[in-house]
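Worksheet: one structure, shown below.
All values derive from a computational prediction rather than experimental measurement. In what follows, residues are counted from 1 in the order of the sequence shown.
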Amino acid sequence: QVQLVESGGGLVQPGGSLRLSCSASGTIFSINTMSWYRQAPGKERELVAIITRSGSPNYADSVKGRFTISRDNAKNTLYLQMNNLKPEDTAVYYCNERLSSSKWSVAQDYWGQGTQVTISS
């Protein structure tokens, strides 16, 4: 069993910052890509940022220059530093990790439960 637990969401004013974390626990052999998605009310879930095992990141155009994705492979933890937040960043943020539980198993996608981020004055 693998569990992803997110933390760090909340309510902040425009221009503020938040740092999200996603900690993976359970039987984990290897984590490949790790990513953050978000879903605003009435909209589809969208990819915000993704990072490879070697640490190479990519970002959605809407967050480039404001968000930074990082990972700590030793702790099986994913982070998202969000700066200069805007009202349009308001959404539920989900972490996603593609990982394998053993040397012989096929990598699968796992999702966190989501954490609410609200940007409002």
Side-chain angles (χ1 to χ4, degrees):
Q1 292 286 351
V2 174
Q3 187 176 18
L4 304 185
V5 178
E6 296 141 347
S7 60
L11 170 65
V12 296
Q13 293 184 344
S17 298
L18 283 173
R19 189 191 195 207
L20 305 183
S21 299
C22 175
S23 179
S25 62
T27 305
I28 298 170
F29 173 72
S30 177
I31 302 177
N32 301 328
T33 56
M34 305 171 87
S35 53
W36 289 99
Y37 285 75
R38 67 186 181 187
Q39 188 167 19
K43 295 187 177 181
E44 294 187 354
R45 190 172 297 189
E46 63 173 354
L47 178 65
V48 175
I50 187 169
I51 187 167
T52 65
R53 179 166 179 78
S54 62
S56 178
N58 273 292
Y59 301 93
D61 288 342
S62 59
V63 306
K64 280 182 181 176
R66 301 187 298 121
F67 290 12
T68 301
I69 189 171
S70 61
R71 61 189 286 172
D72 184 332
N73 290 332
K75 295 181 179 180
N76 290 336
T77 301
L78 174 69
Y79 304 98
L80 185 68
Q81 178 66 44
M82 305 185 294
N83 298 327
N84 190 21
L85 284 160
K86 303 176 180 181
E88 52 263 42
D89 294 318
T90 296
V92 178
Y93 284 69
Y94 300 89
C95 62
N96 170 276
E97 299 185 8
R98 178 159 293 182
L99 63 88
S100 52
S101 298
S102 73
K103 182 178 180 180
W104 303 274
S105 63
V106 176
Q108 299 180 49
D109 283 331
Y110 291 85
W111 291 89
Q113 81 285 357
T115 184
Q116 177 70 46
V117 171
T118 303
I119 314 303
S120 175
S121 54

request  = Give a yes or no on whether a salt bridge exists between K86 and D89, defined as a side-chain N under 4.0 angstrom from a carboxylate O.
outcome  = no
request  = Flag the pair C22 / Y93 as yes when at least one side-chain heavy-atom distance between them is below 4.5 Å, and no otherwise.
outcome  = no
Closest non-hydrogen atom pair, S121 against P14 = N-CD, 3.7 Å
key: Main-chain N/O of C95 paired with E6 side-chain donor or acceptor, under 3.5 Å   = yes
ask   = Rounded to the nearest 0.5 Å, how far apart are CD1 of I119 and CG of L18?
value = 5.5 Å
message = Does either side chain, that of S54 or that of S56, offer a donor lying less than 3.5 Å from an acceptor on the other one?
response = no
task = Under the side-chain contact (heavy atoms from CB on, under 4.5 Å) rule, what do S62 and R38 come out as? Steps first, then yes or no, please.
result = CA-CA 12 Å; S62 59; R38 67 186 181 187; 3.4 Å; yes
request  = Could you tell me which non-hydrogen atom of L78 sits nearest to which non-hydrogen atom of M34, and how far apart they are?
outcome  = CB-CE, 3.6 Å
inquiry  = Is there a path of hydrophobic side-chain contacts, each under 4.5 Å between heavy atoms, that joins Y59 and V48?
reply    = yes
query = L20 and L4: same hydrophobic cluster, using ILVMFWY side-chain contacts below 4.5 Å?
reply = yes
inquiry  = Return the CZ to OG1 distance between R53 and T33, rounded to the nearest 0.5 Å.
reply    = 11.5 Å
note = Heavy atoms of P57 and G55 approach each other most closely as CD-O, 3.2 Å
ask   = Same cluster for V63 and V92 if Ile/Leu/Val/Met/Phe/Trp/Tyr side chains link at under 4.5 Å?
value = no
query = Hey, are the side chains of K75 and S23 touching, using non-hydrogen atoms and a 4.5 Å cut-off?
reply = no
Nearest-0.5 Å distance that lies between atom OH in Y79 and atom OG1 in T68 = 14.0 Å
query = Which distance, rounded to the nearest 0.5 Å, do you find between the OG of S17 and the CG of N84?
reply = 8.0 Å
note = In terms of heavy-atom contacts, V2 and S101 come closest through CG2-OG, 4.0 Å
ask   = In Å and rounded to the nearest 0.5 Å, what is the CH2 to CD1 distance from W36 to I51?
value = 12.0 Å
inquiry  = I'd like to check Q116 versus T90 (side-chain heavy atoms, cut-off strictly below 4.5 Å). Are they in contact?
reply    = yes
message = Using side-chain heavy atoms (C-beta onward) and a distance below 4.5 Å, is S120 in contact with L11?
response = yes
ask   = Which is it for S35 and L47 under the side-chain contact (heavy atoms from CB on, under 4.5 Å) test, yes or no, and what are the steps along the way?
value = CA-CA 8 Å; S35 53; L47 178 65; 3.9 Å; yes
request  = Identify the heavy atoms of M82 and V117 that sit nearest to each other, and give their distance.
outcome  = CE-CG2, 4.0 Å
Close side-chain approach of N32 and L99, heavy atoms under 4.5 Å = no
ask   = Out of curiosity, N76 CG to I28 CD1, how far, rounded to the nearest 0.5 Å?
value = 4.5 Å
key: Whether over 12 other heavy atoms sit under 6.0 Å from E44 CD   = no
key: N96 and R98 side chains, donor-acceptor separation under 3.5 Å   = no
note = For Y94 and G112, the nearest pair of non-hydrogen atoms, with its separation, is CD2-O, 3.7 Å
